[in-house]
Trainee: 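Got a structure here, written out as structure tokens. Questions coming.
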Protein chains: 2
Amino acid sequence: MESDGQPRWLSTEEQGVWQAYLQATTLLEDHLDRQLQRDAGMPHIYYALLVHLSRAPHRQMRMTQLAKNAKITRSRLSHAIARLEKSGWVRREDCPSDKRGQNAILTDGGQEVLMRSAPGHVAAVRLAIFDRLSPEQVTQLGEIMRVMAKGLQPDGSDADLPWRR
Amino acid sequence: MESDGQPRWLSTEEQGVWQAYLQATTLLEDHLDRQLQRDAGMPHIYYALLVHLSRAPHRQMRMTQLAKNAKITRSRLSHAIARLEKSGWVRREDCPSDKRGQNAILTDGGQEVLMRSAPGHVAAVRLAIFDRLSPEQVTQLGEIMRVMAKGLQPDGSDADLPWRR
DNA sequence: AAGTGCTTCTTGAAAGTTGAACTAGATAGT
DNA sequence: ACTATCTAGTTCAACTTTCAAGAAGCACTT
């Protein structure tokens, strides 16, 4: 990284966009956190972990892989899975091929919670986003978020920008 | 709220958009949190609080107002300000007109930290968003986020959707 | 088989967040 | 004035997240 002469501040429009982004994302996160805490007894990220597991081959996944998919640190995942295990929604099993490894497995109870709370959750997401945006905007949002996500991947041979000279 | 017959699940495209949204937003938040923790010694939300204060009339604001602007709960703000006070970047003062009230005031030290770390922060935001998106996309993002934010305001005579019959 | 280094996952303490309960001051109605 | 109600802000306990450190297995080299 080079430290430039003077920083390029945000334009007025960019400032507005950034502010709207911050407000929308924090409001939505809070909203979903509360919704799921109330209806499913867990915060949004924990719920997302269950969703990931439910979609995985044997409803199970290696810890590191799960952490990567959910974009959280392994440490955070460890704590989260411990909590979900205590709630009976996930259990752990040793990985047979790699003795260091652990598989997180969605239990029947976990699946049940998921099925029970999914409709409400989808409704909340719809209400916040998809029912408010035009189809074109949905498409645009998808493209934009994909660009951002790609640029932020910790791994991907990132580092360089679209070459501005 | 009515509980419908069967839930309207997300289409394939919507699922993709939602997933991209979750990934992009969590990655960006983590990224900025780390960047600011490293460069300014505080998480992103605390930094945002200082920014809000720096833009306020006397570099000061009533607690509740600040909480509203920053979209966080009063409780969270109390803790945050306590911490920022301990770091010497904010101080509190009783509100003269309302003896219950407190004003959070940005100190010179706070202003200084802000000025010192702003360039790096703006660069990070730019790198993550504005340098990656086309001008049209920036505009689109702004519109989309404003719609979302508006729909999620806890106060605003919200409640009803764009009338889908 | 010993050594080095890498990966997997966990742990513990410190920091941050949440939701409910609480104090104190303002407001409105009677 | 009296009471009820509301608002501003804080505090406590329970929970979540982070960061640094650590235990254990793998893998490659010599």
Side-chain angles (χ1 to χ4, degrees), chain A residues 26-27 29-49 60-87 89-105 154-155, chain B residues 26-27 29-49 60-87 89-105 154-155:
Chain A
T26 66
L27 284 172
E29 249 226 68
D30 282 19
H31 183 63
L32 293 183
D33 263 345
R34 280 183 231 292
Q35 187 261 316
L36 283 169
Q37 189 71 55
R38 175 165 52 74
D39 297 351
M42 70 190 109
H44 183 208
I45 297 193
Y46 288 31
Y47 182 89
L49 292 177
Q60 76 182 49
M61 206 183 295
R62 283 288 295 274
M63 294 291 280
T64 294
Q65 190 56 45
L66 183 49
K68 268 181 193 145
N69 291 1
K71 311 298 181 205
I72 63 179
T73 62
R74 288 199 307 292
S75 169
R76 187 176 178 183
L77 182 61
S78 262
H79 289 295
I81 292 293
R83 195 277 217 184
L84 290 171
E85 200 170 21
K86 202 170 296 179
S87 304
W89 297 327
V90 167
R91 72 191 156 79
R92 282 184 238 233
E93 218 168 69
D94 291 349
C95 175
S97 56
D98 185 337
K99 278 172 201 163
R100 296 166 301 180
Q102 292 279 107
N103 278 309
I105 309 181
D155 81 299
Chain B
T26 67
L27 284 172
E29 249 225 67
D30 282 19
H31 183 64
L32 292 184
D33 263 344
R34 279 181 231 293
Q35 187 263 316
L36 283 170
Q37 190 70 56
R38 176 165 50 73
D39 297 351
M42 70 190 109
H44 183 208
I45 298 194
Y46 288 31
Y47 182 90
L49 292 176
Q60 77 181 48
M61 205 182 295
R62 285 288 294 274
M63 293 292 279
T64 295
Q65 191 55 45
L66 183 49
K68 268 181 192 145
N69 291 3
K71 310 301 182 204
I72 65 178
T73 61
R74 290 197 307 293
S75 168
R76 188 176 178 182
L77 181 62
S78 262
H79 289 292
I81 292 294
R83 196 277 216 183
L84 289 172
E85 201 171 20
K86 201 170 298 179
S87 303
W89 298 327
V90 167
R91 69 191 159 79
R92 280 184 239 233
E93 217 169 69
D94 292 349
C95 175
S97 56
D98 184 338
K99 279 173 198 160
R100 296 166 302 180
Q102 292 280 106
N103 278 308
I105 308 181
D155 80 298

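Residue numbering restarts at 1 for every chain, and letters A, B, ... go by the order of the sequence lines.
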Trainee: To the closest 0.5 Å, what do you measure between CG (A/D33) and OH (A/Y47)?
Mentor: 13.0 Å
Trainee: Could you work out which one of D/dT17, C/dG25, D/dT11 sits closest to the side chain of A/R76?
Mentor: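 Shortest atom-to-atom distance from the side chain points to D/dT17.
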Trainee: Whole Å only: how far is the CG atom of B/D94 from the P atom of D/dT10?
Mentor: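 Computing the B/D94:CG to D/dT10:P distance gives 10 Å.
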Trainee: Please state how far atom CZ in B/R34 lies from atom C1' in D/dA20, giving the value in whole angstrom units.
Mentor: 13 Å
Trainee: Does OP1 or OP2 of C/dT11 have a side-chain N or O of A/S75 closer than 4.0 Å?
Mentor: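 Looking at the OP1 and OP2 atoms of C/dT11, neither is under 4.0 Å from any side-chain N or O of A/S75.
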Trainee: Nearest heavy-atom pair of A/R83 and A/G41: which atoms, and what distance?
Mentor: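 Taking every non-hydrogen atom into account, NH2-O, 3.1 Å.
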Trainee: Below 4.5 Å, heavy atoms only, C-beta onward: do A/L77 and A/L49 meet side chain to side chain?
Mentor: yes
Trainee: How far apart are the closest heavy atoms of B/M63 and B/A104, and which atoms are they?
Mentor: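 Scanning both residues completely, I find the closest heavy atoms to be SD-CB, 4.1 Å.
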Trainee: State whether B/R100 places a side-chain N or O below 4.0 Å from either non-bridging phosphate oxygen (OP1 or OP2) of D/dG9.
Mentor: no
Trainee: Ignoring hydrogens and angles, does a donor from either the side chain of A/H79 or the base of D/dC15 sit under 3.5 Å from an acceptor on the other?
Mentor: no
Trainee: From CE of B/M42 over to P of C/dT17, roughly how many Å is that when rounded to an integer?
Mentor: 13 Å
Trainee: In whole angstrom, what separates A/D33's CG from D/dC15's P?
Mentor: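 Spelled out: CG on A/D33 to P on D/dC15 is 16 Å.
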Trainee: Taking the minimum atom-to-atom distance to the side chain of A/R74, which one of D/dT10, C/dA13, C/dT10 wins?
Mentor: C/dT10
Trainee: In whole Å, what is the span from the CD atom of A/Q37 to the P atom of D/dA14?
Mentor: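 Atom-to-atom, A/Q37 to D/dA14, this comes out as 15 Å.
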Trainee: Using a cut-off of strictly less than 4.0 Å, decide whether B/T64 has a side-chain nitrogen or oxygen near OP1 or OP2 of D/dG9.
Mentor: yes
Trainee: What's the closest nucleotide to the side chain of B/P43 if the choices are C/dT11, C/dC9, C/dG16?
Mentor: C/dG16
Trainee: Of the nucleotides D/dG9, C/dG16, D/dT16, which one has an atom closest to the side chain of A/R83?
Mentor: D/dT16
Trainee: Output the rounded distance in Å from NE2 (A/H44) to P (D/dT17).
Mentor: 12 Å
Trainee: Which nucleotide in the list D/dT16, C/dG16, D/dT18 gets nearest to the side chain of A/T73?
Mentor: D/dT18
Trainee: Using every non-hydrogen atom in the two residues, find where A/L32 and A/H44 come nearest and quote the distance to one decimal.
Mentor: CD1-CE1, 3.9 Å
Trainee: B/R38 near the nucleic acid: base, sugar-phosphate alone, or nothing, with a heavy-atom cut-off under 4.0 Å?
Mentor: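 Here B/R38 touches no strand at all.
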Trainee: Where each residue is assigned the nucleotide of DNA chain D containing its nearest heavy atom, which of A/D98 and A/I72 is assigned the position nearer the 5′ end?
Mentor: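 The residue whose closest nucleotide sits nearer the 5' end is A/I72.
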Trainee: If you compare every side-chain N and O of B/R92 against the phosphate oxygens of D/dT10 (OP1, OP2), does one of them come in below 4.0 Å?
Mentor: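 B/R92 to D/dT10 OP1/OP2: side-chain N or O found under 4.0 Å.
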Trainee: What distance do B/I45 atom CD1 and B/I72 atom CD1 have between them, rounded to the nearest 0.5 Å?
Mentor: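 Rounded to the nearest 0.5 Å, the CD1-CD1 separation comes to 6.5 Å.
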Trainee: Just do the side-chain contact (heavy atoms from CB on, under 4.5 Å) check on A/K68 and A/K71 with the steps written out, would you?
Mentor: CA-CA 5 Å; A/K68 268 181 193 145; A/K71 311 298 181 205; 6.0 Å; no
Trainee: Assign each of A/S97 and A/I45 to its nearest nucleotide of DNA chain D by heavy atoms, then name whichever residue's nucleotide is nearer the 5' end.
Mentor: A/I45
Trainee: Just compare D/dG25, C/dC9, C/dT18 and give me whichever is closest to any side-chain atom of A/Q102.
Mentor: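 That would be C/dC9.
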Trainee: Hey, what bend do you get for the helix from C/dA1-D/dT30 to C/dT30-D/dA1 if you fit axes on five pairs at each end, rounded to 10°?
Mentor: 20°
Trainee: Among residues at least two apart in sequence or on other chains, which ones pass ring-ring contact (aromatic ring centres under 6.0 Å, His included) with B/H31?
Mentor: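 B/H31 satisfies ring-ring contact (aromatic ring centres under 6.0 Å, His included) with no other residue.
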